[in-house]
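Note that this is a predicted model, so its numbers are computed, not measured.
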There are 2 protein chains.
Amino acid sequence: MTSTGARPTTPTLDEVAVLAGVSRATVSRVINDSPRVSPSARDAVQAAVAQLRYVPNRMARSLVTRRTDTIALVLSETNTQIFSDPFFARIVRGVTAALADTDLTVVLLAARDGREQEKAGRYVRQGHVDGVILMSMHHDDVLPAVLADASVPLVLFGRPLDGGTFSYVDADNTGGAAMAARHLVEQGRRRIGTVTGPQDMNAGIDRFAGFRTALADAGLPLPAERCAKGDFTEAGGARATARLLEQAPDLDAVFVASDPMAVGALRVLAESGRRVPDDVAVVGFDDAPVAAESDPPLTTVAQPLTEMTQELTDLLRRQIEGSREVETRICDTHLVRRASA
Amino acid sequence: MTSTGARPTTPTLDEVAVLAGVSRATVSRVINDSPRVSPSARDAVQAAVAQLRYVPNRMARSLVTRRTDTIALVLSETNTQIFSDPFFARIVRGVTAALADTDLTVVLLAARDGREQEKAGRYVRQGHVDGVILMSMHHDDVLPAVLADASVPLVLFGRPLDGGTFSYVDADNTGGAAMAARHLVEQGRRRIGTVTGPQDMNAGIDRFAGFRTALADAGLPLPAERCAKGDFTEAGGARATARLLEQAPDLDAVFVASDPMAVGALRVLAESGRRVPDDVAVVGFDDAPVAAESDPPLTTVAQPLTEMTQELTDLLRRQIEGSREVETRICDTHLVRRASA
DNA sequence: TTGAAAGCGCTAACAG
DNA sequence: CTGTTAGCGCTTTCAA
């Protein structure tokens, strides 16, 4: 029991090889599940691995394979609020789930200001990851260009404002919003208003555009007082909704451009002593229980989270495999009618 | 302009050396800011680096230095809700901020179920990071043991239930809660209730214990109907508060054991037609604007976020430097009285 | 101050 | 099926 403070040196491939009585190459083959290994050799190696509690050194492996089996999910968002947004949490969950039974690991990189973005960019360019999924809603983000320039496989979540040069996955925001508008019209609503998202993000722009166009197609007016600008946050949604009720008390339906905003909107509507809209439509992921029961009744333009994150990882993996093509995926949304209270 | 599709091979140290007319060793010295380099050599190297847009290969470097200059912040939490909790977002921000002007990069690892925890553990043990900060509120988490066993430098955020074996940083939950209770007593409150945190987490246990003890010391009773158990979430806080008002309508003050719960609690209190407590105290980080203005007035047991995350990273770095000691830090809290409406 | 040389631990031809 | 042989790109003595 000579317990010197000697740091237990990590076992290497060679030590395993010696213990198993084979060559390093054979050990390597076993580690990498090569079929070209005899059962006996495999057993011997596995026993040695277990006994030594051997763990391969990824740095050494990556140095030669040029792969890290890791991808980065970069959250490039200045607004701290948004970082704790359930929206981001869902993407993270979707992506990790999509990669659950692969040998790829996802690491999250928070890049909230210029310095952090630079750090993240450096991290990626130094070869720590095989590819990047970037969530950035702002057009002035330099990360896409930097990464593309370093020829790091890259896929964006959400169509960039200056689309065309990057691969991305997005939901059909325009179509979904139009669908919601048509739904409200079909319910007999005529004085429909909206809580929009920020108009400097595609998600906000497209949802407003689809909504507006559908109303116009239905021959319904959309005066300015029936529009209130939100910022995709719950608090912003609440504020915008309050403003909306103030400006246009006669609304008979409202389209809320995002899920977190809807939480705030529903609260304000519920609290409101004033006459409230009979119908509300919301954009959100299909797994988001925006409101299990709500009054007024709620309809969701459901974005397929699983499908989107699956496409995201598929695209990225294809880029990693060597594809140089810019690919884009617009995922369909569908309407979900929630139970009315 | 012979633009073959040939992948632009990343420049290596040698190429820089050749272009600069020096040896690889000299380039390495320049890269690593060694003082033992002549100005002329340094200039030549830097020029070559710039021209080639050379970026060191971290795998190669790590293979020899045994360091990655990366630490992992592991979010080991089963509950998805909690992942988008502002609480976690704050820690992430604090830790990245504490490391902002270091050359350490933080990667986040989401470990929400057994499989992901295993993946995270593997990632860490394979040598991708120099150390780990673990946020895990559950005692059945195996990650601490696994990582410690692999002798990976590790610091926990929050005292573990089975404390003693791991280094950790925590706020003075007991003292803070007692302080809050005394404050309420000093304000003349006599029928004080509480919305507690979960009683299977130290944060919940300690806050309740500190509160209860302080009331007892003041000779005030704490009947069961003045206690409602929350789960640290906003929704849970709202539910617990509603229950509390039901059970003990005569409360004249309430102690809410966490910041997110307080948001829900305040909402319920505001909406409540019933008589509501005159005074509310809450536990939260000192940067959290729980409620800028509120009625009833609000007092916060402020936990020093910056100090805590700084201690966290300091401790971890010391572990990385080779310290084998288990160190713990309990950070003091202070009362912040918010403006009353 | 600089360069030559020896690896870090692993994978990947290439023989056998 | 298995072993031998080269490196991957970088840091780091050790001499010069």
- Message: Short of 4.0 Å, heavy atom to strand atom, which residues of residues 33-46 of chain B count as contacting DNA chain D?
- Response: none

- Can you sort out the partners of B:D141 under side-chain hydrogen bond (donor to acceptor under 3.5 Å, both in side chains), two or more places apart, ordered by chain and number? B:S76, B:S136

- Gap between atoms CD1 and P, on B:I31 and D:dT12 respectively (whole Å): 13 Å

- Spacing of B:R58 atom CZ relative to D:dC10 atom C1', expressed in whole Å: 11 Å

- Query: How many angstroms lie between atom CE of B:M308 and atom CG of B:D170, to the nearest 0.5 angstrom?
  - Reply: 5.5 Å

- Query: When rounded to the nearest 0.5 angstrom, what distance separates CG in A:L109 from CE in A:M135?
  - Reply: 13.5 Å

- Query: So, is A:S23 close to the D:dT2 phosphate, meaning a side-chain N or O under 4.0 Å from OP1 or OP2?
  - Reply: no

- Partner residues of B:T105 under the side-chain hydrogen bond (donor to acceptor under 3.5 Å, both in side chains) criterion, sequence neighbours left out: none

- B:E321 vs B:R317, salt bridge (Lys or Arg N to Asp or Glu O under 4.0 Å): CA-CA, chis, key distance, verdict: CA-CA 6 Å; B:E321 298 311 335; B:R317 294 173 76 176; 5.6 Å; no

- Overall bend of the helix from C:dT1-D:dA16 to C:dG16-D:dC1 (five pairs an end, 10° steps) is 30°

- Below 4.0 Å: OP1/OP2 of D:dC10 and any side-chain N or O of B:S28: no

- Message: Can you tell me how far apart CG (A:N57) and CG (A:L63) are? Round to the nearest 0.5 Å.
- Response: 10.0 Å

- To the nearest angstrom, how far is A:R67 atom CZ from C:dG9 atom P? 24 Å

- Query: Is there a donor-acceptor contact under 3.5 Å linking the side chains of A:Q117 and A:D113?
  - Reply: no

- Rounding to 0.5 Å, atoms CG (A:L154) and CG (A:D149) come to a distance of 12.0 Å

- Item | Between CZ on residue B:R58 and NE2 on residue B:H128, distance to nearest 0.5 Å | 13.5 Å

- What distance do A:L134 atom CG and A:L73 atom CG have between them, rounded to the nearest 0.5 Å? 8.5 Å

- Message: Please identify which of these residues, B:L143, B:L156, B:I71, B:V124, meets the side chain to side chain contact (heavy atoms under 4.5 Å, CB included) condition with B:V132.
- Response: B:V124

- Length of the CZ-P vector between A:R61 and D:dG9, whole Å: 18 Å

- Of A:S167, A:S323, A:P153, the residue whose pairing with A:L315 passes side chain to side chain contact (heavy atoms under 4.5 Å, CB included): A:S167

Check nucleotides 14-16 of chain C against the protein and report each pair of N or O atoms closer than 3.5 Å, with its distance, or say if there are none.
none

- Round to a whole Å and report the spacing from CG of B:N32 to P of D:dG9. 17 Å

- Should the pair A:F157 and A:F285 be assigned to parallel (<30°), tilted (30 to 60°) or perpendicular (>60°) ring geometry? tilted

- Item | Gap between atoms CD and C1', on B:Q126 and C:dG9 respectively (whole Å) | 14 Å

Review item, nucleotides 5-8 of chain C N/O atoms under 3.5 Å of protein N/O:
| from | atom 1 | to | atom 2 | distance (Å) |
| --- | --- | --- | --- | --- |
| C:dA6 | N6 | B:R24 | NH2 | 3.2 |
| C:dC8 | O3' | B:R66 | NH2 | 2.4 |

- Message: Output the rounded distance in Å from CG (A:L13) to P (C:dA12).
- Response: 12 Å

- Member of A:T10, A:L19, A:V45, A:V49 meeting the side chain to side chain contact (heavy atoms under 4.5 Å, CB included) criterion with A:Y54: A:V49

